[in-house]
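To keep things clear, I will list the structure first and then write my remarks on it.
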Amino acid sequence: MILTVNIGNTHITIAGYEHDTLQFSGRLHSSPAATVDEYAMNLLNLLSLYQVAPERIEGGILGSVVPALTGRVLGALRMFCSARLDNPAQLGAELLCGAVAALEEGPGPLAVISADTAISIMAVNGKQELVGGVILPGPQLSLSALVQKTAQLPQIDLSAPASSSILGKNTSACLQNGFVLGTAGLLDGLAERFQAELGPNIRFYATGNLPRTIREACRTPIEYREYLITDGLYRIWQKNRKG
């Protein structure tokens with residue numbers, strides 16, 4: 001089994017692939033206070049939950065956007081895994097992994113939308129080159145900041161759809177419309193700019209915790225792939241092994 005580990009600001013996603021097939025996927029909280037030993041225990045407990053013995057792990061690959069946690073998680077993996085673990089410093093950002101997986105479905109141009117604490121969008125042109133992108137606050141982060149900084153605005157559930165009218169009739173409905181339709185409109189506006197630079201046929205993929213309500217409110221067609229990052233990590237591990 002090949003273990004893929006993606007360290008994000010909010011969660012660490014661990015997945016196992018065997019015979020080119022995803023066998024399991026689970027998540028741990030990204031905790032800046034956790035020690036190497038604590039990460040090792042949490043990782044072992046996760047493997048045990050999915051009935052995966054450490055001896056089954058033939059190799060692994062780790063991608064990270066949180067440098068402060070990279071060494072600790074890598075150290076934890078090496079406590080119980082003697083297989084080759086590809087160097088994360090040579091891997092790049094998680095969006096690279098998403099682009100690798102998306103390119104398995106077809107050539108560029110394409111853009112990968114990865115949603116965690118932030119929303120990051122990375123583009124690949126028609127020559128299959130990473131050409132850049134944008135980063136902006138995620139809706140959950142923006143909502144949390146707004147609620148914390150105001151006295152009377154309530155917390156809302158972003159997984160609930162916006163009302164049928166843009167004209168919200170109460171505070172909760174106004175917030176729901178603002179965050180669901182507002183984020184969708186923001187993504188549509190960015191998508192238009194990506195299309196202007198890379199061509200009208202650019203495909204958009206999304207992964208991470210971008211709520212379904214927001215994706216469905218977008219006028220831009222967006223393909224959601226839950227395991228896009230871990231699939232990309234696995235593809236990179238395969239390419240490294242062949243190289």
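Remark: the backbone N or O of Arg219 is paired with a side-chain donor or acceptor of Asp188 at under 3.5 angstrom. Of the possible donor and acceptor atoms, one in the side chain of Ser142 sits under 3.5 Å from a partner among the backbone N and O of Gly138. Checked by atom type and distance alone, the side chain of Thr207 never pairs as donor or acceptor with a backbone atom of Tyr227 at under 3.5 Å. The main-chain N or O of Ala99 is never found under 3.5 Å from a side-chain atom of Glu104 such that the two would form a donor-acceptor pair. Panel note: side chain Tyr39, backbone Ser31; a donor-acceptor pair is recorded below 3.5 Å. No donor-acceptor pair closer than 3.5 Å links the side chain of Thr150 to the backbone N or O of Gln152. With hydrogens and angles disregarded, a donor-acceptor distance shorter than 3.5 Å links the side chain of Arg203 to the backbone of Pro107. Counting only distance, with no hydrogens or angles, the side chain of Asp116 and the backbone of Thr10 share a donor-acceptor pair below 3.5 Å. Side chain of Thr70 to main chain of Val66: a donor-acceptor pair is present (N/O by atom type, distance under 3.5 Å, no hydrogens or angles).
Taking both residues in full, the closest heavy atoms of Ile236 and Cys97 are given as CD1-SG, 4.0 Å, listed atom of the first, atom of the second, then distance. Between Gly168 and Asn177, the shortest heavy-atom contact is N-ND2, 3.6 Å. When all heavy atoms of Tyr234 and Thr4 are compared, the pair lying nearest together is N-CG2, 3.8 Å. The two atoms that bring Gln23 and Glu18 nearest to each other are NE2-O, 3.5 Å, heavy atoms only. For the pair Trp237 and Gly60, the tightest heavy-atom approach, listed with the atom from each and the gap, is CD1-O, 3.6 Å. The two residues Ser172 and Ile156 come nearest to each other via the heavy atoms O-CG2, 4.1 Å.
Taking the charged nitrogens against the carboxylate oxygens, Arg225 and Glu105 do have a contact shorter than 4.0 Å, which makes a salt bridge.
Using a 4.5 Å cut-off on side-chain heavy atoms (C-beta onward), Thr220 and Leu187 make no contact. Looking only at side-chain heavy atoms (C-beta outward), Glu129 and Val124 stay at 4.5 Å or farther from each other. Taking the side chain as every heavy atom from C-beta outward, Leu190 and Ile121 approach each other to under 4.5 Å. Residues Pro154 and Leu175 are in side-chain contact: their nearest non-hydrogen atoms beyond the backbone lie under 4.5 Å apart. Between Phe194 and Glu192 the shortest side-chain heavy-atom distance does not fall below 4.5 Å.
A cation-pi arrangement is not found for Arg212 relative to Tyr224, the charged atom failing to lie both closer than 6.0 Å to the ring centre and inside a 45° cone about the ring normal.
Between Leu186 atom CG and Cys218 atom SG the span is 9.0 Å, to the nearest 0.5 Å. Rounded to the nearest 0.5 angstrom, Ile166 CD1 and Leu181 CG are separated by 4.5 Å. Here the straight-line distance linking atom CD1 of Ile14 with atom OG1 of Thr230 works out to 10.5 Å at 0.5 Å rounding.
Considering Thr117, Asn9, Ile12 as possible partners of Ser30, the one that fulfils the side chain to side chain contact (heavy atoms under 4.5 Å, CB included) test is Ile12.
Environment of CD in Gln51: sparse, with no more than 12 heavy atoms of neighbouring residues, nucleotides or ligands closer than 6.0 Å.
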